[in-house]
Amino acid sequence: MAFETGALPLADVDGPFDLQATVESGQSYLWDRADGRMYDSIDVHGGDAWYETVVPPIDGVCDERTVVRVRQLDDRLEWEATGDAVPILRHLLRLDDDLDAIYDATPEDPLLERAYETYEGMRIVRDPPFPCLISFICSAQMRVSRIHGMQMALAEAYGEEIEVEGRTFEAFPSPDRLAGRTEAELRELGLGYRAPYVQRTAEMVAGGEDPLDATELEYEAARDRLTRFVGVGDKVSDCVLLFSLGFLEAVPLDTWIQSAIADHYPDCDRGTYAETSRAIRRRLGGEYAGYAQTYLFHYLRAGGE
DNA sequence: CGCCAGGCTAGCG
DNA sequence: CGCTAGCATGGC
C-alpha cells in the first residue's frame, strides 16, 4: 500500500488544538511517536513530532482499516495515511468540539484555570472502543508509559500487519485474536495479573457483548453496564466512557483526582465512588466535567500545583 | 532493598 | 451492602 498525504488547516478546527498534549496526556495508549520519545517530557508541549496509529473501520468515518501518521505545524496538521485522514482525525481527536465554549462553561476555579492555561488546546480523545477498553483494563496500578508499552506490545505480538511503502505497521488485535490467546501468553507480555482480565473481556466482546451498547444508556447506567467486563470497575468504566464513548461528563476517580479532591475539593469526598463522583462532577461543571478532570490529571501529573 | 503505579476481584462480616 | 487481602511487574 501507499500513503496519501494532505494537510488539515488549524483554521478548520473549532478552537485551539495541541496534538502533543492530546496524545501524550495518558488518555489514549494507541498512538506512538515516530521518534521514540513518547512521554519523555510531559511538561513540554506544542512539539512537531510525528504520531502514528492504526485505525479500525469506524461507522460513518472510514470503511477500511487505515494507517494514520500526523504532526502539528504552525498552521496545520500534516498527515500521511492509507486513506483520507481528515474525517478520521476529526473523529479520534474530537476536532469538532467547540473548545472555547467548553472553556467558557468551566466554573471559575484557580487550579482549573492554571491547568487549562498550561495545556490550552488539549482535547479529549475518542479511541476505538475495544482497544480503549483493553488499554484501561491494563492501566490498573500501572504507570502511564508502561500502559502504552503494553498496548504497543499487544499490537506487535498479536496484531495484523499492514505493509505501507516498505514499513510494517501492526493494528491493535481484534477481539477474536486476543480471545484466542492464553492467560500465560499474555502474562509473557508483562501484563501481570491483568492477563486473565484482558483474555476474558476479549472473549466477551468476541462473543457479541459490545461496549458501544453502553452509549444508548444514561451516564450512570452506562458506567454500571461496562463493569460487566472482567477487570472493569467504576474507574476504568469512567475512562472508557470519557475517552471512547463520548460521555464528557464522566470523571474517572483515579489516584491523582482523589488526591486533588483531598487537597482542593475536600467537601466532594462523600465516601463512596458513586457519591463522590456526583459531587466532583457538579463541582467541575457537570456537562464537560470530564474535560476538567483530564486537564487536572495532566497538569498535576506533570508537577503542577 | 522497599515503595509505588490512571484498580479490580473474590471472599469475608 | 461495605471492607480488604492479594495480586505482577518494572523503575526509581
Side-chain angles (χ1 to χ4, degrees), chain A residues 21-31 38-42 115 119 122 124-125 127 131-154 157 181-204 211 220 223-245 247-248 250-263 269-277 280-281 284 289-304:
Chain A
T22 301
V23 172
E24 297 200 49
S25 51
Q27 307 179 50
S28 175
Y29 299 98
L30 306 173
W31 291 85
M38 196 80 174
Y39 307 121
D40 273 7
S41 51
I42 59 176
Y119 295 106
M122 183 174 75
I124 297 294
V125 300
D127 274 352
C132 180
L133 183 60
I134 298 300
S135 298
F136 281 96
I137 287 172
C138 290
S139 77
Q141 293 294 103
M142 199 48 58
R143 254 174 265 274
V144 161
S145 60
R146 281 200 65 207
I147 302 165
H148 178 255
M150 287 180 189
Q151 310 319 305
M152 297 299 106
L154 283 170
R181 298 346 316 159
T182 64
E183 177 183 330
E185 285 178 305
L186 296 177
R187 281 181 186 270
E188 283 174 23
L189 284 184
L191 299 199
Y193 60 81
R194 304 154 197 78
Y197 302 164
V198 168
Q199 195 279 331
R200 292 178 59 193
T201 286
E203 238 168 28
M204 292 171 74
E220 289 191 355
R223 193 179 65 204
D224 284 344
R225 171 64 66 90
L226 292 182
T227 63
R228 292 177 181 183
F229 293 105
V230 184
V232 179
D234 287 330
K235 186 271 171 186
V236 167
S237 182
D238 266 329
C239 288
V240 176
L241 292 181
L242 179 59
F243 301 132
S244 177
L245 303 188
F247 286 79
L248 298 183
V251 173
L253 299 182
D254 58 61
T255 52
W256 287 94
I257 297 305
Q258 296 281 14
S259 71
I261 290 172
D263 294 345
D269 183 0
R270 304 297 167 85
T272 68
Y273 191 100
E275 291 303 321
T276 300
S277 169
I280 193 67
R281 275 183 280 133
L284 296 181
Y291 255 100
Q293 189 273 4
T294 300
Y295 273 86
L296 288 181
F297 174 82
H298 192 43
Y299 179 72
L300 294 171
R301 212 172 67 81

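In what follows, every chain begins at residue 1, and chains take the letters A, B, ... in the order their sequences are listed.
- Ring-plane geometry between Phe136(A) and Tyr29(A) is classed as perpendicular, the angle between the planes exceeding 60 degrees on a 0 to 90 degree scale with a lower cut at 30.
- Put simply, OH on Tyr273(A) is 18 Å from C1' on dC3(C), counting in whole angstrom units.
- Rounded to whole Å, atom P of dA8(C) lies 12 Å from atom CE of Met150(A).
- Along DNA chain B, the nucleotide closest to Val230(A) and the one closest to Pro252(A) are compared, and the more 5′ of them pairs with Pro252(A).
- Classification of Glu220(A) and Arg225(A) as a salt-bridged pair fails, no side-chain N sitting under 4.0 Å from a carboxylate O.
- Phosphate contact (OP1/OP2 of dA8(C), side-chain N/O of Arg187(A), threshold under 4.0 Å): present.
- Here the C1' atom of nucleotide dG7(B) and the CD atom of Gln258(A) are 11 Å apart, to the nearest Å.
- Of the candidate nucleotides dG7(B), dA10(B), dG2(C), dG7(B) has the atom nearest to the side chain of Val236(A).
- Phe297(A) has its CZ atom 8 Å from the P atom of dG7(B), to the nearest Å.
- Scanning all heavy atoms of the two residues, the minimum distance from Met38(A) to Val23(A) falls at CE-O, 3.5 Å.
- If you measure from atom NE2 of His148(A) to atom C1' of dT9(C), you get 18 Å, rounded to the nearest angstrom.
- For the P atom pair drawn from dG10(C) and dC8(B), the interatomic distance equals 22 Å after rounding to whole Å.
- Counting non-hydrogen atoms under 4.0 angstrom, Gln27(A) reaches a base of the nucleic acid.
- Near DNA chain B, meaning a heavy atom under 4.0 Å away, the residues from residues 134-143 of chain A are Phe136(A), Ser139(A), Ala140(A), Gln141(A), Met142(A), Arg143(A).
- Summarising the geometry, the separation between CD1 on Ile147(A) and P on dC8(B) is reported as 12 Å, rounded to the nearest angstrom.
- Leu154(A) has its CG atom 14 Å from the P atom of dT9(C), to the nearest Å.
- When each of Tyr197(A) and Arg194(A) is assigned the nucleotide of DNA chain B with its nearest heavy atom, Arg194(A) is the one assigned upstream, toward the 5' end.
- Distance OG/Ser237(A) to OH/Tyr273(A): 7.5 Å, rounded to 0.5 Å.
- No close placement of the Tyr197(A) and Phe229(A) rings is indicated, their centers lying 6.0 Å or farther apart.
- Residue contacts for Gly26(A): at a heavy-atom cut-off of 4.0 Å it reaches a base atom on one of the strands shown.
- Picking from dT9(C), dC7(C), dC8(B) the nucleotide with the shortest atom distance to the side chain of Tyr193(A) gives dC7(C).
- Taking atom CZ on Arg200(A) and atom P on dC8(B), their separation rounds to 15 Å, with Å as the unit.
- Side-chain contact between Arg223(A) and Phe247(A) is absent, with no heavy atoms from C-beta onward closer than 4.5 Å.
- Looking at heavy atoms from C-beta onward, Asp127(A) lies out of side-chain contact with Val240(A) at the 4.5 angstrom threshold.
- Counting only heavy atoms from C-beta outward, the side chains of Gln141(A) and Arg194(A) approach each other to under 4.5 Å.
- Heavy atoms of Phe229(A) sit under 4.0 angstrom from primed sugar atoms or phosphate atoms, though from no base atom.
- If you take atom C1' in dA5(B) and the same atom in dC3(C), they sit 22 Å apart, rounded to whole Å.
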